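Since the structure is predicted, the reported quantities are computational estimates derived from the model, not experimental observations. Every chain is numbered from 1, with letters handed out A, B, ... down the list of sequences.
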There are 2 protein chains.
Amino acid sequence: MTRPQRNTWQREAVRAALAEAHGFVGAQRLHETLRAQGSTIGLATVYRSLAALAEAGEADSLQSPEGENLFRSCATRGHHHHLICRGCGDTRELEARVVEDWAARVGAEHGFSEIEHVVDLFGLCARCREVA
Amino acid sequence: MTRPQRNTWQREAVRAALAEAHGFVGAQRLHETLRAQGSTIGLATVYRSLAALAEAGEADSLQSPEGENLFRSCATRGHHHHLICRGCGDTRELEARVVEDWAARVGAEHGFSEIEHVVDLFGLCARCREVA
DNA sequence: CAACTTGTTGCGAACAGTTCTCATTTGCAT
DNA sequence: ATGCAAATGAGAACTGTTCGCAACAAGTTG
(Lines give C-alpha, C1' and ligand atoms only; values in the text may rest on other atoms or scores of the structure.)
Protein backbone atom coordinates (compact mmCIF):
# COMPACT_ATOMS: atom_id res chain seq x y z
CA MET A 1 0.00 0.00 0.00
CA THR A 2 2.64 2.48 1.07
CA ARG A 3 5.33 2.01 -1.50
CA PRO A 4 8.80 3.47 -1.12
CA GLN A 5 9.00 7.24 -1.09
CA ARG A 6 11.88 9.63 -1.32
CA ASN A 7 12.31 12.93 0.39
CA THR A 8 12.42 15.79 -2.04
CA TRP A 9 12.32 19.48 -1.32
CA GLN A 10 9.24 19.64 -3.54
CA ARG A 11 7.19 17.31 -1.39
CA GLU A 12 8.30 19.20 1.66
CA ALA A 13 7.39 22.50 0.05
CA VAL A 14 3.88 21.28 -0.65
CA ARG A 15 3.50 19.96 2.86
CA ALA A 16 4.64 23.31 4.23
CA ALA A 17 2.49 25.42 1.94
CA LEU A 18 -0.50 23.30 2.81
CA ALA A 19 0.14 23.69 6.52
CA GLU A 20 0.41 27.44 6.12
CA ALA A 21 -2.82 27.77 4.20
CA HIS A 22 -5.95 28.41 6.21
CA GLY A 23 -8.73 26.06 5.33
CA PHE A 24 -8.98 24.10 2.14
CA VAL A 25 -6.94 24.93 -0.94
CA GLY A 26 -6.89 23.59 -4.44
CA ALA A 27 -3.82 22.31 -6.22
CA GLN A 28 -3.67 25.18 -8.66
CA ARG A 29 -3.86 27.82 -5.96
CA LEU A 30 -1.17 26.08 -3.98
CA HIS A 31 0.97 25.94 -7.08
CA GLU A 32 0.54 29.66 -7.70
CA THR A 33 1.45 30.42 -4.12
CA LEU A 34 4.61 28.37 -4.36
CA ARG A 35 5.66 29.90 -7.67
CA ALA A 36 4.97 33.35 -6.25
CA GLN A 37 7.43 32.51 -3.48
CA GLY A 38 10.04 31.78 -6.09
CA SER A 39 9.74 28.04 -6.18
CA THR A 40 10.14 26.35 -9.55
CA ILE A 41 7.94 23.42 -8.65
CA GLY A 42 5.73 22.04 -11.41
CA LEU A 43 1.97 21.87 -11.31
CA ALA A 44 1.88 18.13 -11.86
CA THR A 45 4.15 17.66 -8.89
CA VAL A 46 1.81 19.63 -6.69
CA TYR A 47 -1.03 17.37 -7.79
CA ARG A 48 1.05 14.30 -7.15
CA SER A 49 2.23 15.47 -3.76
CA LEU A 50 -1.23 16.40 -2.62
CA ALA A 51 -2.60 13.05 -3.68
CA ALA A 52 0.23 11.34 -1.82
CA LEU A 53 -0.36 13.38 1.32
CA ALA A 54 -4.05 12.62 1.20
CA GLU A 55 -3.43 8.93 0.76
CA ALA A 56 -0.99 8.95 3.63
CA GLY A 57 -3.64 10.50 5.84
CA GLU A 58 -1.60 13.64 6.33
CA ALA A 59 -4.11 15.70 4.45
CA ASP A 60 -7.85 15.77 4.16
CA SER A 61 -9.55 16.18 0.86
CA LEU A 62 -12.98 17.10 -0.34
CA GLN A 63 -14.67 18.32 -3.48
CA SER A 64 -15.84 21.88 -3.70
CA PRO A 65 -19.27 22.41 -5.18
CA GLU A 66 -17.50 23.61 -8.32
CA GLY A 67 -15.88 20.22 -8.71
CA GLU A 68 -12.41 21.22 -7.63
CA ASN A 69 -10.46 18.94 -5.34
CA LEU A 70 -9.52 20.76 -2.17
CA PHE A 71 -6.96 19.72 0.42
CA ARG A 72 -6.19 20.67 3.95
CA SER A 73 -3.40 19.73 6.23
CA CYS A 74 -5.02 17.41 8.66
CA ALA A 75 -4.72 17.91 12.40
CA THR A 76 -7.12 15.35 13.78
CA ARG A 77 -6.12 11.80 13.07
CA GLY A 78 -8.72 9.46 11.75
CA HIS A 79 -12.26 10.03 10.62
CA HIS A 80 -13.91 13.38 11.07
CA HIS A 81 -16.06 15.98 9.37
CA HIS A 82 -15.87 19.65 8.54
CA LEU A 83 -17.58 22.94 9.02
CA ILE A 84 -16.34 25.19 6.28
CA CYS A 85 -16.86 28.92 5.81
CA ARG A 86 -18.08 29.74 2.33
CA GLY A 87 -16.52 33.17 2.63
CA CYS A 88 -12.98 32.71 3.85
CA GLY A 89 -12.60 28.95 3.66
CA ASP A 90 -11.82 28.71 7.35
CA THR A 91 -12.44 25.19 8.56
CA ARG A 92 -13.29 23.52 11.85
CA GLU A 93 -12.89 19.82 12.27
CA LEU A 94 -15.84 18.08 13.80
CA GLU A 95 -16.56 14.85 15.47
CA ALA A 96 -20.03 13.51 15.26
CA ARG A 97 -20.80 10.35 17.08
CA VAL A 98 -24.48 11.05 16.48
CA VAL A 99 -23.96 11.03 12.75
CA GLU A 100 -21.73 7.97 12.73
CA ASP A 101 -24.33 6.06 14.68
CA TRP A 102 -27.13 7.26 12.46
CA ALA A 103 -25.22 6.26 9.34
CA ALA A 104 -24.49 2.79 10.62
CA ARG A 105 -28.05 2.24 11.78
CA VAL A 106 -29.72 3.48 8.61
CA GLY A 107 -27.32 1.46 6.47
CA ALA A 108 -28.11 -1.70 8.39
CA GLU A 109 -31.84 -1.06 8.23
CA HIS A 110 -31.63 -1.03 4.46
CA GLY A 111 -29.42 -4.11 4.29
CA PHE A 112 -26.41 -2.14 3.13
CA SER A 113 -22.89 -2.95 4.20
CA GLU A 114 -19.54 -1.22 4.00
CA ILE A 115 -21.13 2.11 4.61
CA GLU A 116 -19.08 5.20 3.94
CA HIS A 117 -20.42 8.65 4.39
CA VAL A 118 -19.80 12.17 3.28
CA VAL A 119 -20.82 14.72 5.86
CA ASP A 120 -19.74 18.29 5.50
CA LEU A 121 -21.27 21.55 6.61
CA PHE A 122 -20.91 24.80 4.74
CA GLY A 123 -21.84 28.12 6.29
CA LEU A 124 -20.84 31.69 6.88
CA CYS A 125 -18.59 32.38 9.84
CA ALA A 126 -19.23 35.30 12.17
CA ARG A 127 -16.55 37.46 10.62
CA CYS A 128 -17.65 36.94 7.04
CA ARG A 129 -21.26 37.60 7.97
CA GLU A 130 -20.37 41.07 9.23
CA VAL A 131 -18.52 41.94 6.05
CA ALA A 132 -21.52 41.04 3.92
CA MET B 1 -35.25 33.71 -9.46
CA THR B 2 -37.45 31.65 -11.72
CA ARG B 3 -37.28 33.37 -15.06
CA PRO B 4 -39.62 32.49 -17.88
CA GLN B 5 -39.42 28.97 -19.19
CA ARG B 6 -40.83 27.42 -22.29
CA ASN B 7 -42.01 23.91 -22.83
CA THR B 8 -39.94 22.09 -25.33
CA TRP B 9 -39.98 18.42 -26.19
CA GLN B 10 -36.31 18.35 -25.26
CA ARG B 11 -36.89 19.37 -21.70
CA GLU B 12 -39.66 16.86 -21.42
CA ALA B 13 -37.44 14.15 -22.88
CA VAL B 14 -34.80 14.81 -20.27
CA ARG B 15 -37.36 14.79 -17.50
CA ALA B 16 -38.70 11.46 -18.77
CA ALA B 17 -35.32 9.84 -19.26
CA LEU B 18 -34.28 10.92 -15.81
CA ALA B 19 -37.42 9.47 -14.29
CA GLU B 20 -36.80 6.18 -16.05
CA ALA B 21 -33.23 5.87 -14.89
CA HIS B 22 -32.60 4.00 -11.68
CA GLY B 23 -30.41 5.90 -9.28
CA PHE B 24 -28.15 8.74 -10.23
CA VAL B 25 -27.04 9.38 -13.79
CA GLY B 26 -24.63 11.78 -15.37
CA ALA B 27 -25.47 14.17 -18.17
CA GLN B 28 -23.39 12.35 -20.74
CA ARG B 29 -24.92 9.00 -19.99
CA LEU B 30 -28.38 10.45 -20.19
CA HIS B 31 -27.48 12.02 -23.50
CA GLU B 32 -26.23 8.71 -24.87
CA THR B 33 -29.41 7.00 -23.75
CA LEU B 34 -31.55 9.58 -25.47
CA ARG B 35 -29.57 9.46 -28.70
CA ALA B 36 -29.73 5.68 -28.61
CA GLN B 37 -33.50 6.03 -28.51
CA GLY B 38 -33.35 8.05 -31.68
CA SER B 39 -33.58 11.49 -30.17
CA THR B 40 -31.55 14.23 -31.81
CA ILE B 41 -31.19 16.22 -28.62
CA GLY B 42 -27.88 17.97 -28.10
CA LEU B 43 -25.52 17.37 -25.21
CA ALA B 44 -25.53 21.00 -24.18
CA THR B 45 -29.28 20.91 -23.93
CA VAL B 46 -29.16 17.91 -21.66
CA TYR B 47 -26.78 19.80 -19.40
CA ARG B 48 -29.01 22.84 -19.46
CA SER B 49 -32.16 20.87 -18.78
CA LEU B 50 -30.63 18.95 -15.91
CA ALA B 51 -29.39 22.13 -14.32
CA ALA B 52 -32.84 23.64 -14.71
CA LEU B 53 -34.56 20.61 -13.21
CA ALA B 54 -32.17 20.62 -10.31
CA GLU B 55 -32.68 24.29 -9.67
CA ALA B 56 -36.43 23.82 -9.83
CA GLY B 57 -36.18 21.13 -7.17
CA GLU B 58 -37.46 18.47 -9.53
CA ALA B 59 -34.14 16.70 -9.51
CA ASP B 60 -31.52 16.01 -6.94
CA SER B 61 -27.89 16.38 -7.72
CA LEU B 62 -24.64 15.26 -6.20
CA GLN B 63 -21.03 14.89 -7.20
CA SER B 64 -19.59 11.48 -7.72
CA PRO B 65 -16.18 10.85 -6.21
CA GLU B 66 -14.81 11.12 -9.74
CA GLY B 67 -16.06 14.66 -9.98
CA GLU B 68 -18.97 14.02 -12.27
CA ASN B 69 -22.27 15.71 -11.60
CA LEU B 70 -25.01 13.16 -11.12
CA PHE B 71 -28.73 13.74 -11.15
CA ARG B 72 -31.78 11.85 -10.03
CA SER B 73 -35.40 12.52 -10.47
CA CYS B 74 -36.56 13.54 -7.07
CA ALA B 75 -39.53 11.88 -5.41
CA THR B 76 -39.45 13.40 -1.98
CA ARG B 77 -40.09 17.10 -1.98
CA GLY B 78 -37.73 19.27 -0.06
CA HIS B 79 -34.55 18.49 1.74
CA HIS B 80 -33.36 14.93 2.17
CA HIS B 81 -30.34 12.67 1.98
CA HIS B 82 -29.31 9.53 0.17
CA LEU B 83 -28.13 6.02 0.66
CA ILE B 84 -26.53 4.97 -2.58
CA CYS B 85 -25.33 1.54 -3.62
CA ARG B 86 -21.80 1.64 -4.99
CA GLY B 87 -22.57 -1.42 -7.04
CA CYS B 88 -25.83 -0.82 -8.86
CA GLY B 89 -26.42 2.85 -8.10
CA ASP B 90 -29.75 2.08 -6.48
CA THR B 91 -30.73 4.92 -4.21
CA ARG B 92 -32.91 5.31 -1.13
CA GLU B 93 -34.02 8.71 -0.01
CA LEU B 94 -33.56 9.37 3.66
CA GLU B 95 -34.85 11.78 6.18
CA ALA B 96 -32.71 12.51 9.14
CA ARG B 97 -34.01 14.82 11.77
CA VAL B 98 -31.04 13.79 13.93
CA VAL B 99 -28.62 15.04 11.33
CA GLU B 100 -30.50 18.25 10.64
CA ASP B 101 -30.53 19.06 14.32
CA TRP B 102 -26.89 18.19 14.71
CA ALA B 103 -25.93 20.39 11.77
CA ALA B 104 -27.88 23.35 13.05
CA ARG B 105 -26.54 22.97 16.57
CA VAL B 106 -22.91 22.58 15.58
CA GLY B 107 -23.17 25.49 13.17
CA ALA B 108 -24.56 27.73 15.86
CA GLU B 109 -21.94 26.65 18.38
CA HIS B 110 -19.26 27.85 16.03
CA GLY B 111 -21.01 31.09 15.23
CA PHE B 112 -21.79 30.07 11.68
CA SER B 113 -24.98 31.01 9.88
CA GLU B 114 -26.70 29.93 6.70
CA ILE B 115 -25.65 26.36 7.24
CA GLU B 116 -25.97 23.98 4.37
CA HIS B 117 -24.90 20.41 4.59
CA VAL B 118 -23.97 17.53 2.40
CA VAL B 119 -24.83 14.19 3.89
CA ASP B 120 -24.74 11.13 1.72
CA LEU B 121 -24.13 7.50 2.49
CA PHE B 122 -22.49 5.09 0.10
CA GLY B 123 -22.62 1.37 0.66
CA LEU B 124 -23.19 -2.02 -0.87
CA CYS B 125 -26.76 -3.22 -1.06
CA ALA B 126 -27.71 -6.79 -0.14
CA ARG B 127 -27.96 -7.93 -3.75
CA CYS B 128 -24.62 -6.50 -4.83
CA ARG B 129 -22.93 -7.96 -1.78
CA GLU B 130 -23.94 -11.47 -2.79
CA VAL B 131 -22.64 -11.03 -6.31
CA ALA B 132 -19.22 -9.95 -5.05
C1' DC C 1 33.28 9.10 -3.25
C1' DA C 2 31.85 7.24 -7.74
C1' DA C 3 28.57 4.26 -9.93
C1' DC C 4 24.12 2.82 -10.17
C1' DT C 5 19.20 2.07 -9.50
C1' DT C 6 14.89 3.72 -9.51
C1' DG C 7 11.54 6.98 -7.67
C1' DT C 8 10.65 11.80 -8.88
C1' DT C 9 10.30 15.92 -11.54
C1' DG C 10 8.72 19.28 -15.06
C1' DC C 11 7.01 20.05 -19.29
C1' DG C 12 3.57 19.88 -22.71
C1' DA C 13 0.17 17.07 -24.66
C1' DA C 14 -3.90 14.54 -23.70
C1' DC C 15 -8.31 13.99 -21.29
C1' DA C 16 -12.93 14.41 -19.23
C1' DG C 17 -16.62 17.04 -17.91
C1' DT C 18 -18.81 21.18 -18.51
C1' DT C 19 -19.86 25.75 -20.29
C1' DC C 20 -19.96 29.15 -23.85
C1' DT C 21 -20.80 31.24 -28.58
C1' DC C 22 -23.69 32.09 -32.01
C1' DA C 23 -26.49 31.30 -35.93
C1' DT C 24 -30.87 29.14 -36.32
C1' DT C 25 -35.15 27.43 -34.65
C1' DT C 26 -39.33 27.58 -32.04
C1' DG C 27 -42.79 28.61 -28.21
C1' DC C 28 -46.20 31.49 -27.36
C1' DA C 29 -48.40 35.98 -26.57
C1' DT C 30 -50.37 39.23 -29.60
C1' DA D 1 -50.14 34.98 -39.05
C1' DT D 2 -46.32 37.98 -36.89
C1' DG D 3 -42.68 39.21 -33.84
C1' DC D 4 -39.56 38.65 -30.23
C1' DA D 5 -37.16 36.49 -26.76
C1' DA D 6 -36.10 31.94 -25.07
C1' DA D 7 -34.19 27.61 -26.36
C1' DT D 8 -31.51 24.62 -29.27
C1' DG D 9 -27.42 22.18 -31.47
C1' DA D 10 -22.76 21.92 -33.03
C1' DG D 11 -18.49 22.76 -32.04
C1' DA D 12 -15.05 25.66 -29.93
C1' DA D 13 -13.30 26.99 -25.58
C1' DC D 14 -12.36 26.30 -20.64
C1' DT D 15 -11.17 24.08 -16.35
C1' DG D 16 -9.25 20.83 -13.45
C1' DT D 17 -6.56 16.80 -13.68
C1' DT D 18 -3.70 13.07 -15.43
C1' DC D 19 -0.25 11.02 -18.65
C1' DG D 20 4.06 10.18 -21.23
C1' DC D 21 8.60 10.66 -21.26
C1' DA D 22 13.34 12.30 -21.08
C1' DA D 23 16.21 14.45 -17.67
C1' DC D 24 17.22 14.44 -12.85
C1' DA D 25 18.52 13.25 -8.20
C1' DA D 26 17.93 10.42 -3.49
C1' DG D 27 19.83 7.00 -1.26
C1' DT D 28 22.16 2.68 -1.57
C1' DT D 29 26.20 -0.10 -2.85
C1' DG D 30 30.89 -1.19 -3.67
Problem set entry | Polar contact flag, side-chain donor to acceptor under 3.5 angstrom, B/Gln37-B/Ser39 | no
Exercise. Could you give the distance from CG (A/Leu53) to CZ (A/Arg48), rounded to the nearest 0.5 Å?
Worked result: 14.0 Å
Problem set entry | OG-CG distance between B/Ser61 and B/Leu70, expressed to the nearest 0.5 angstrom | 9.0 Å
Exercise. How many angstroms lie between atom OG of B/Ser49 and atom CG of B/Leu34, to the nearest 0.5 angstrom?
Worked result: 9.5 Å
For this session: Can you tell me the distance, in whole Å, between the CD atom of B/Gln10 and the P atom of C/dT24?
Result: 18 Å
For this session: Quick one: which residue pairs count as a salt bridge (Lys or Arg N to Asp or Glu O under 4.0 Å) with a foot in residues 9-27 of chain B, not counting sequence neighbours?
Result: B/Glu12-B/Arg15, B/Arg15-B/Glu58
Seminar exercise, completed: Rounded to whole Å, the CZ-P distance (A/Phe24 to D/dG16) equals 18 Å
For this session: Answer with yes or no after comparing the ring centroid distance for B/Phe24 and B/His82 against a 6.0 Å cut-off, counting only values under it.
Result: yes
Between protein and nucleotides 16-20 of chain C, what N or O pairs are separated by less than 3.5 Å?
| residue | atom | partner | partner atom | Å |
| --- | --- | --- | --- | --- |
| C/dG17 | OP2 | B/Gln28 | NE2 | 3.4 |
| C/dG17 | O5' | B/Gln28 | NE2 | 3.2 |
| C/dT18 | OP1 | B/Asn69 | N | 2.7 |
| C/dT18 | OP2 | B/Tyr47 | OH | 2.6 |
| C/dT18 | O5' | B/Tyr47 | OH | 3.4 |

Exercise. Donor-acceptor pair, A/Thr33 side chain versus A/Arg29 backbone, under 3.5 Å?
Worked result: yes
For this session: Evaluate salt bridge (Lys or Arg N to Asp or Glu O under 4.0 Å) for B/Arg129 paired with A/Glu114, printing each intermediate quantity in order.
Result: CA-CA 9 Å; B/Arg129 196 178 336 136; A/Glu114 300 178 49; over 6 Å; no
Quick test: give all pairs of protein nitrogen or oxygen and nucleotides 25-30 of chain C nitrogen or oxygen below 3.5 Å, distance rounded to 0.1 Å.
| residue | atom | partner | partner atom | Å |
| --- | --- | --- | --- | --- |
| C/dG27 | N2 | B/Arg6 | NH2 | 2.8 |
| C/dG27 | N3 | B/Arg6 | NH1 | 3.4 |
| C/dC28 | OP1 | B/Asn7 | N | 3.2 |

